[in-house]
Amino acid sequence: MSDRTSPRVAVRAMALLIGAAFKADAPRAALVLGLAPVVGAVAAVTAVGLQRMVNSAVAADLPGMLTAALILAGALVAGQLAGTVAADLRIRLQQRVGLLLDQRVMAMTSGLPHLDHHEYPPYQDQLELLRSHRTSLGSAFGALVENLRALVAFGSTVALLMSVRPEFLLLLLLALPTVLAVRRGEQAMARAEETTVAPARLRQGLFTTACSPTAAKELRVFGLQEEIAGRHRALWEQVDRPRRQAEARTAMWTSIGWLIFGAGFAGALYLVVTAAVSGQASPGDVVLTIALGGQLTGSVSGLIQMLSWMQKTLRAMGYYLWLDDHARARIRPREAGAPSPAAGSDLVLENVSFSYPDAARPVLRDVSLRLPAGRTVAVVGENGAGKTTLVKLLCRLYDPTAGRITYGGSDLAGYDVQAWRDRVTACFQDFCRLEFVLQESAGIGDLPRIDDEPAVTDALDRAGASALPGLLPHGLRTQLGPTFPGGTDLSGGQWQKVALTRSMMRDAPILRVLDEPAASLDPASEYEIFRRFQIAAGQTENGTITVFVSHRFATVRTADLIVVLDGGTIRELGSHAELMALDGLYATLYRLHAKGYEETKPSWTDALDKDFDDAPPVGAEL
Ligand SMILES: Nc1ncnc2c1ncn2[C@@H]1O[C@H](COP(=O)(O)OP(=O)(O)OP(=O)(O)O)[C@@H](O)[C@H]1O
């Protein structure tokens, strides 16, 4: 992993923070940055006032004493006012900058066209580092401002000390070991965090599992609480040991640095006191040195704390910039005039192969397939055969690693990814339980019509869920999900129907993907839904291609075309009748399922047999 605190990254991060602050609130940003040096210089001005006061008092110079008193009073008032105002302004601005960066992180993460950052461990590690340092992002602008203040405080103190004796510049050098120790400590800490990020991510995963309502049932039934807690503890140790060691080393080096600085300061005091005794320095110089000495210790310590804070936030900004670079390389703005997919064509896979990042073997190998417009296509195969991967490629959640997918003769990769997705709709196996009101949770499937009640009612009907609003206390306005007070939780099948309704919202999709859309549905609902899908697919003017993945052969047999995947390749292809006549893998699997099915076959499936046995096969055309 690259050094997240390299000078180049630091400069980029600071420019980004200042830009974000001005974007969030330009007048406030200008005021905060302008006040920081004023606050930083107050202590040095106070020390000058003291020096003048003592020298004027020794010389019995009343006007001089009055001027010194004015300087002291002015510094006191300016310090208090500017300090309070600056802190207040800074904290609010810091919150706004934090919000802006949070929103950018959300936009970048969810705007990435592909899924690899969620599924590929090295990317997940980077996201985990960013997530664990997210709060530092919020305070990054504050750290920048406080460093500016601390630098001015330190610089003005050193300048004044040099005005007493130039050799006091050496004190600056004596502060260096402490500063370097802190910087090295931060780097060691960064290394420790980066090398332990994988177990830290696993530990976070276990924590989420232990607290998640989805895992709650299995945790109790299998008595897993102790097991999960034990694994969490072990991972904590694994993560914590290198971090503790880095902290201990930093503390040791910082203490040595402070000892060197303390010895130097004692030497400076000795020099100025002996000079005053021999008449080479004024009593004011002694007071100034003592005041500045205390001030210098405070400002070195402040500077070190600020530098340490700054390094932490710069590290967080380094992770942010990694995501920014990653997203910039992948998120393409929608090109004006880029070709849009025209409706009514076939979708064709030409020798498509696909491997997940870093995977040893391809998941799909040399798949060639024509998905005809206006038809339903079922994809079947054993677990791990590559069915979900295939539909992910169709949605362009990944691009093939070899071969190509074309629509209307044009490579999908040539279309703007968002323009393609605008014409695709889907219900995934691991669908989202969006805890909005029912109207929105379903309507979000076609964002411009999220509030369109007739559109949602129609989609509910097409998804076989028209009864759902009537079962809920406030119909379409019912708040879904147990997270909200007064929210209504749904059964697994009802949630799935809401997800299906979402996939029914877009009016004329080119492609509708249904990845095990009926896993939680009862057989009658499943039958009804597929019947509607098939009728809808044949009727839509643009000839929607409906691709569904299913293990339920009673439904699969209704498809116009059935694709049998086996180990990432197409084993068989055709209509139900053709595949049964072939008497291969499909026929074997079908008979296995039918055996159990015939024994318990309910009467409503007679309609299924009658409806689809006469359907013309389309596999022959391919
Ligand atoms: N994100 C991923 N990264 C690496 N490998 C993956 C990923 N997703 C799936 N795989 C692997 O790809 C293969 C095919 O997975 P896929 O989900 O496409 O199978 P499937 O046919 O849909 O299975 P199922 O019927 O169990 O849903 C599996 O061996 C799986 O381990």
Side-chain angles (χ1 to χ4, degrees), residues 109-110 112-128 198 201-202 205 214 326 330 347 349 351-369 371 376-403 405 412 424 426-432 492 495-496 499-500 503 511-521 526 530 546-557 559 561-573 579 584-586 588-590 592-593:
T109 316
S110 58
L112 282 166
H114 294 143
L115 301 180
D116 44 11
H117 59 295
H118 284 304
E119 297 179 336
Y120 184 42
Y123 294 166
Q124 284 186 44
D125 286 351
Q126 287 292 319
L127 280 182
E128 168 61 20
R201 187 161 52 75
L202 296 177
T214 354
H326 185 75
R330 285 160 182 80
L347 195 53
L349 287 87
N351 309 102
V352 166
S353 296
F354 177 76
S355 303
Y356 283 100
D358 261 12
R361 288 188 307 126
V363 173
L364 292 175
R365 281 177 293 133
D366 205 20
V367 172
S368 292
L369 177 65
L371 308 175
T376 51
V377 179
V379 185
V380 297
E382 292 179 352
N383 295 128
K387 304 180 293 296
T388 298
T389 306
L390 179 72
V391 296
K392 283 198 231 171
L393 293 187
L394 297 178
C395 296
R396 288 202 61 195
L397 295 171
Y398 293 99
D399 286 331
T401 34
I405 304 177
L412 282 198
V424 172
C427 177
F428 292 106
Q429 197 175 5
D430 48 354
F431 56 85
C432 217
W495 274 117
Q496 186 151 32
L500 269 167
S503 74
L511 173 69
R512 176 174 285 118
V513 162
L514 306 164
D515 187 2
E516 299 200 33
S520 308
L521 301 187
E526 181 185 350
F530 278 98
T546 304
V547 178
F548 67 91
V549 175
S550 180
H551 291 288
R552 297 197 183 181
F553 281 73
T555 312
V556 169
R557 60 172 295 178
L561 175 67
I562 298 163
V563 182
V564 185
L565 278 184
D566 184 22
T569 56
I570 296 183
R571 173 88 168 258
E572 291 164 14
L573 183 69
L579 295 181
L585 179 61
Y586 176 82
T588 311
L589 291 172
Y590 182 82
L592 264 175
H593 282 76

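Counting convention: from 1, in listed order, for ligands and their atoms alike. Note that the coordinates shown come from a computational prediction; the quantities given were computed from them, not determined experimentally. Side chains are part of it too, since the values below use all heavy atoms of this structure and drop only hydrogens, waters and symmetry mates.
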Undergrad: Note the single closest protein heavy atom to atom 25 (O) of ligand 1, along with its residue, its atom name and the distance in Å.
TA: K387 NZ, 2.7 Å
Undergrad: Tell me if a side-chain donor or acceptor on E572 pairs with a main-chain N or O of L579 at a distance below 3.5 Å.
TA: no
Undergrad: Minimum heavy-atom separation for V556 to A378, with atom names?
TA: CG1-CB, 3.9 Å
Undergrad: Using a strict cut-off of 4.0 Å, indicate which atoms of ligand 1 neighbour a heavy atom of H551.
TA: 25 (O)
Undergrad: Please list, chain by chain and in numerical order, all residues satisfying side-chain hydrogen bond (donor to acceptor under 3.5 Å, both in side chains) with R365, sequence neighbours excluded.
TA: none
Undergrad: Among all protein non-hydrogen atoms, which one is nearest to atom 1 (N) of ligand 1, and what is the separation to 0.1 Å?
TA: E119 OE1, 2.9 Å
Undergrad: Examine N383 against ligand 1 and note whether any of their N/O atoms are separated by less than 3.5 Å.
TA: yes
Undergrad: Which residue and atom name correspond to the protein heavy atom nearest atom 17 (O) of ligand 1, and how close is it?
TA: T388 CB, 3.6 Å
Undergrad: What protein heavy atom lies closest to atom 15 (O) of ligand 1? Include the residue and the distance to one decimal.
TA: T389 OG1, 3.8 Å
Undergrad: So for atom CD, which belongs to E382, do other residues, nucleotides or ligands contribute more than 12 heavy atoms lying within a distance under 6.0 Å?
TA: no
Undergrad: Out of K387, H551, Q496, which residue meets the side chain to side chain donor-acceptor pair (under 3.5 Å) rule with E516?
TA: H551
Undergrad: Counting only heavy atoms on the protein side, is anything nearer than 4.0 Å to atom 30 (C) of ligand 1?
TA: no
Undergrad: Ring-plane angle category for F553 and Y590, please: parallel below 30°, perpendicular beyond 60°, tilted otherwise.
TA: perpendicular
Undergrad: Could a heavy atom of G386 be found less than 4.0 Å from some atom of ligand 1?
TA: yes
Undergrad: What residue and heavy atom of the protein are closest to atom 5 (N) of ligand 1, and at what distance?
TA: Y356 CD1, 3.3 Å
Undergrad: Record the part of V363 in heavy-atom contact with ligand 1 below 4.0 Å; permitted values are side chain, backbone, both and neither.
TA: side chain
Undergrad: Do V513 and C395 touch side chain to side chain, with heavy atoms closer than 4.5 Å?
TA: yes
Undergrad: Of the protein's non-hydrogen atoms, which lies at the shortest distance from atom 27 (O) of ligand 1, and what is that distance?
TA: Q429 NE2, 3.4 Å
Undergrad: Side chains of L390 and L349, heavy atoms from C-beta outward: is any pair under 4.5 Å?
TA: yes
Undergrad: For ligand 1, is there an N or O atom under 3.5 Å from any N or O atom of G384?
TA: yes
